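Below is one structure, written out as structure tokens, with a few remarks after it.
Residues take their numbers from the sequence shown, with the count starting at 1. Not measured: the values here are computed from a predicted model. For the numbers below, each heavy atom of this structure counts, side chains included, while hydrogens, waters and symmetry mates do not. Every number for a ligand or one of its atoms is a count from 1 in the order of the listing.
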Amino acid sequence: MKIRSLLFCSAGTIALLTAIIVSCKTHGGNIVQSKGELQAMPSYASLPSNPKLPDPFKMMNGKRVTTKKEWARRQTEIAALAQEFEYGYKPNTPASATTGAFNNNTITVTVNNNGKTIMFNCTITYPTTGSKPYPAMIGIGMSNLNNAAILNLGVAVINFPNNQVAQQSNASSRGKGLFYDMFGSDHSASATMAWAWGVSRLIDALEKTPLANINAARLGVTGCSRNGKGALAVGAFEERIKLTIPQEPGAGGAASWRVSDAQILAGKKVQTISQIVTENVWFRENFSQFGKTADKLPFDQHSVMALVAPRALLIIDNTSIDWLSPVSAWITANAAHKVWQSLGVPDRMGFSQVGAHNHCAFPDAQLPELTAYIQKFLLDNNTPNTNVMKSDGDHKYDEATWVDWTAPGLR
Ligand code: MCU
């Protein structure tokens with residue numbers, strides 16, 4: 001009898017949880033699932049104004065994180081908040097939905113889910129040195145880093161066709177592309193989140209396709225500019241990515257919304273929420289509600305970067321392009337770095353800002369840090385020095401203005 005009622009109780013609990021998850025998925029309600037945990041989301045109206053970069057360690061219950069375990073839990077909250085308010089939702093697609101086929105240096109990824117089938121091709125450039133299966137850098141669209149140098153290290157470069165998965169021509173690209181063919185044109189996921197989903201499926205396919213000779217346990221992601229915003233989203237929402245290298249991502253990448261708003265007020269020509277939501281579909285549709293209220297966001301881009309921790313993140317930036325807001329990126333990266341410091345791994349997050357070159361033209365001056373990060377995090381060589389927090393700009397990290405929290409040493 002006891003066992004029967006226990007069984008009934010757990011079956012009832014499972015049914016209830018399933019009902020909640022299903023209803024959240026269907027109605028976009030305010031209880032969401034993030035990394036398997038249910039999170040209650042605040043409403044926009046209830047969000048307090050906070051002009052500073054919010055404390056990444058403060059949990060929604062008001063308590064501060066004190067252990068690494070609590071930090072992992074806090075990450076599920078940040079991931080949920082970032083999806084709810086900025087990126088839209090990344091569907092949970094079981095690995096069984098995806099297959100891979102390899103032919104002619106191309107992996108064809110086929111996903112069968114939600115009653116639909118989609119397919120996309122990723123071309124792979126193989127190194128002529130190193131050993132199989134090769135680690136790889138996945139380029140959102142393509143990699144604009146020094147690809148010859150990457151290949152010379154024995155690391156492959158894979159092109160992910162992001163524009164097919166979710167279009168990004170302009171503001172009317174909303175809901176267009178393979179992702180939306182599968183999940184519907186009104187799905188909440190922004191283009192960057194749809195790409196994150198697509199890269200996760202590419203990884204599923206790589207794991208199942210030994211013929212491709214790629215080590216799916218040693219993958220990095222990169223992308224420049226708009227595709228750099230995507231690279232950050234991929235690294236933030238996919239733990240199988242070991243190294244995230246957004247290049248000159250600008251607003252919604254390394255630059256935080258709050259600092260960029262302050263820059264506009266100071267007369268600088270930088271990109272802000274109110275502009276970006278009119279230009280393209282990189283963020284979810286109702287992100288526009290923060291156009292004049294970035295200070296209500298319960299997180300900012302430092303928190304999105306912190307979703308990558310304790311995995312490795314290297315931001316490659318350009319001091320010379322005002323629109324990217326190099327000041328905002330520098331301040332935001334310094335704030336984010338405190339998270340890696342708290343975890344006792346400050347050398348797993350770097351920021352390098354070098355000017356006097358064209359947008360997305362990777363300068364040789366940044367080759368040492370690129371090489372060091374790839375060696376340490378994709379090739380398991382612990383020797384290179386990956387402590388890099390550098391800018392050739394004359395801006396300063398004004399911590400007192402932006403940060404009212406300290407980095408706890410997490411047990
Ligand atoms: C830095 O990324 C974007 C930027 O956000 C846009 O405002 C601008 O139009 O294009 C940049 C880009 O993707 O350049 C290739």
Side-chain angles (χ1 to χ4, degrees), residues 82 86-88 138-145 147 159-174 176-177 190-196 221-236 244-261 263-264 268-285 287-288 290-291 294 297 300-302 304-305 313-333 351-363 366 391 393:
E86 181 170 345
Y87 289 93
I138 299 169
I140 302 303
M142 62 188 280
S143 161
N144 286 80
L145 301 171
N147 293 331
N159 288 353
F160 170 73
N162 60 322
N163 295 340
Q164 286 174 32
V165 174
Q167 291 182 22
Q168 56 165 342
S169 304
N170 51 44
S172 60
S173 298
R174 176 83 55 202
K176 293 182 186 160
S190 58
T192 53
M193 187 53 101
W195 304 337
V221 68
T222 187
C224 191
S225 206
R226 57 195 63 201
N227 296 342
K229 304 180 206 303
L232 177 63
V234 171
T244 302
I245 312 187
Q247 182 181 4
E248 304 185 36
S256 61
W257 306 111
R258 284 169 172 83
V259 183
S260 295
D261 274 357
Q263 289 281 300
I264 277 275
K268 301 276 162 39
K269 287 195 168 50
V270 304
Q271 188 163 36
T272 58
I273 296 180
S274 59
Q275 187 281 336
I276 210 167
V277 296
T278 64
E279 184 184 334
N280 217 307
V281 296
W282 299 309
F283 302 101
R284 67 178 296 174
E285 195 159 27
F287 188 49
S288 56
F290 294 95
L297 276 171
D300 212 315
Q301 292 310 112
H302 66 305
V304 178
M305 290 184 212
L313 173 68
L314 171 65
I315 312 265
I316 294 290
D317 206 28
N318 188 339
T319 329
S320 300
I321 300 176
D322 287 351
W323 187 241
L324 301 173
S325 196
V327 177
S328 182
W330 176 238
I331 292 170
T332 308
F351 181 86
S352 168
Q353 197 172 52
V354 171
H357 61 87
N358 288 339
H359 189 36
C360 298
F362 183 84
Q366 289 174 315
S391 170

| said: Can you list everything that forms a ring-ring contact (aromatic ring centres under 6.0 Å, His included) with W282? Sequence neighbours excluded, please. | reply: none

| query | Do the side-chain N and O atoms of S328 and S260 include a donor-acceptor pair separated by under 3.5 angstrom? | reply | yes

| request: Among L314, N318, I316, find the one that has a side chain to side chain contact (heavy atoms under 4.5 Å, CB included) with Q366. | output: I316

| Test item: side-chain donor near acceptor, Q301 and S256, under 3.5 Å | no

| request: Take atom CG of N170 as the centre, draw a 6.0 Å sphere, and report whether it contains more than 12 heavy atoms from other residues, nucleotides or ligands. | output: yes

| task | Heavy-atom cut-off of under 4.0 Å around ligand 1: list whichever protein residues fall inside it, by chain and number. | result | S225, R226, K229, E248, P249, Q271, E279, W282, W323, L324, H359

| message | Check this for me: does any side-chain nitrogen of one of K269 and D322 sit under 4.0 Å from a carboxylate oxygen of the other? | response | no

